[in-house]
Amino acid sequence: MYLKDIALFNSLSDENIKKIEDISTLVKLDANDILFYEGDQSKYLHIITKGVIKLYKTDAKGHQLFLYQFTPISLVGELANFENFPFPATAEAVIKSEVLKVDYEKLSDNILKNPNFSMEVIKSISKKAKILQNVIHQEMILTAEAKIAKLLVEHGELFLQLKNSQIAALTNTTPETLSRTITKFKKSNYIIMDKEHKMKILDIESLKSLYQ
């Protein structure tokens with residue numbers, strides 16, 4: 001992928017693009033590889049270019065609380081960079097992924113002063129505010145059934161790529177609850193399994209009605 005394909009950089013000059021290339025590293029991750037841990041220092045700006053990265057917090061008993069999953073092209077953990085504090089959550093690859101790591105200290109020397117670049121940063125921060133609102137809504141209001149329906153509608157491809165235990169983790173439910181809910185959706189004719197055992201949505205509006 002060329003840096004010009006990334007909205008964050010496409011308004012920069014060729015000279016600045018070259019500077020970013022010189023301070024960037026493309027990291028390839030397998031499923032379950034950790035991009036960064038909660039508490040790590042935020043030395044790099046992370047940009048997802050391929051795959052899916054999930055963000056979660058861990059409680060005192062070691063239980064994971066899923067927060068959000070990020071897909072290309074998006075920044076992850078950038079608030080820690082801008083505010084200069086450790087990452088508040090752990091980022092882990094859900095499937096094979098690629099992440100561009102940009103040395104933040106070197107980036108901030110002059111590139112961050114570009115007004116167009118700053119506007120893209122503001123857009124990303126605004127998106128994160130909406131994500132936080134979504135997390136609060138999902139965990140405090142939505143039922144397990146509603147959370148599974150929401151994931152099916154918005155990220156149905158993950159049901160083809162992940163195990164039930166991984167899907168359950170993304171919705172902060174148990175594999176048993178996930179299995180019961182999927183069975184219920186089948187009986188209600190919301191979804192169907194085709195001959196290749198791939199899940200297909202038959203009634204997207206009924207699924208949406210569970211969480212909207």
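Treat the numbers as computed from the prediction; the structure is a model and nothing was measured. Residue numbers run from 1 in the order of the sequence given.
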Is it the case that more than 12 heavy atoms not belonging to [X] sit under 6.0 Å from its [atom1] atom?
{"X": "Phe85", "atom1": "CZ", "value": "yes"}
{"X": "Lys101", "atom1": "NZ", "value": "yes"}
{"X": "Asp22", "atom1": "CG", "value": "yes"}

Basic-acidic side-chain contact under 4.0 Å: Asp14, Lys18 = no

Could you note down all residue pairs passing ring pair (Phe, Tyr, Trp, His ring centres under 6.0 Å) where residues 147-177 supplies at least one of them, sequence neighbours left out?
-> none

Show the nearest heavy-atom pair for residues [X] and [Y], with the distance to one decimal.
{"X": "Gly51", "Y": "Pro72", "answer": "O-CD, 3.1 Å"}
{"X": "Tyr211", "Y": "Lys150", "answer": "CE2-CA, 3.4 Å"}
{"X": "Val102", "Y": "Ile20", "answer": "CG1-CG2, 4.2 Å"}
{"X": "Pro86", "Y": "Gly39", "answer": "CB-O, 3.5 Å"}

What is the distance from atom [atom1] of [X] to atom [atom2] of [Y], rounded to the nearest 0.5 Å?
{"X": "Leu107", "Y": "Asn16", "atom1": "CG", "atom2": "CG", "value": "9.5 Å"}
{"X": "Leu158", "Y": "Lys54", "atom1": "CG", "atom2": "NZ", "value": "11.0 Å"}
{"X": "Gln212", "Y": "Leu207", "atom1": "CD", "atom2": "CG", "value": "10.5 Å"}
{"X": "Glu105", "Y": "Ile23", "atom1": "CD", "atom2": "CD1", "value": "10.0 Å"}
{"X": "Leu178", "Y": "Thr181", "atom1": "CG", "atom2": "OG1", "value": "6.5 Å"}
{"X": "Glu205", "Y": "Lys208", "atom1": "CD", "atom2": "NZ", "value": "5.0 Å"}

Output, in order, the C-alpha distance, side-chain angles, deciding distance and verdict of side-chain contact (heavy atoms from CB on, under 4.5 Å) for Phe36 and Leu55.
-> CA-CA 10 Å; Phe36 55 75; Leu55 204 64; 4.2 Å; yes

Checking [X] side chain against [Y] main chain: does a donor-acceptor pair fall under 3.5 Å?
{"X": "Ser74", "Y": "Thr71", "value": "yes"}
{"X": "Ser188", "Y": "Phe185", "value": "no"}
{"X": "Ser179", "Y": "Pro175", "value": "no"}
{"X": "Asp40", "Y": "Phe87", "value": "no"}
{"X": "Asn81", "Y": "Tyr44", "value": "yes"}
{"X": "Asn172", "Y": "Leu65", "value": "no"}

Please say yes or no: joined through hydrophobic side-chain contacts below 4.5 Å, possibly via intermediate residues, are [X] and [Y] part of one cluster?
{"X": "Met193", "Y": "Ile191", "value": "yes"}
{"X": "Phe66", "Y": "Tyr37", "value": "no"}
{"X": "Ile17", "Y": "Leu26", "value": "yes"}
{"X": "Ile204", "Y": "Leu210", "value": "yes"}

Just do the side-chain contact (heavy atoms from CB on, under 4.5 Å) check on Asp203 and Asn189 with the steps written out, would you?
-> CA-CA 7 Å; Asp203 189 349; Asn189 291 319; over 6 Å; no

Side-chain heavy atoms of Leu170 within contact of Leu162, under 4.5 Å | yes

Can we call the ring centroids of Phe70 and His46 under 6.0 Å apart?
->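 No: the rings miss the under 6.0 Å criterion.
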
Please say which of Ile48, Leu45, Ile47 ends up in a side chain to side chain contact (heavy atoms under 4.5 Å, CB included) with Val76.
->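 Checked Ile48, Leu45, Ile47 against Val76; only one passes side chain to side chain contact (heavy atoms under 4.5 Å, CB included): Ile48.
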
Would you give me the side-chain donor-acceptor pairs under 3.5 Å for residues 88-100, sequence neighbours excluded?
from, atom 1, to, atom 2, distance (Å)
Thr90, OG1, Glu38, N, 2.9
Glu92, OE1, Tyr56, OH, 3.1
Ser97, OG, Val52, N, 3.1
Ser97, OG, Val52, O, 3.3
Ser97, OG, Ile95, O, 2.7

What residue pairs, at least two apart or across chains, pass side-chain hydrogen bond (donor to acceptor under 3.5 Å, both in side chains) with a residue in residues 157-168?
-> none

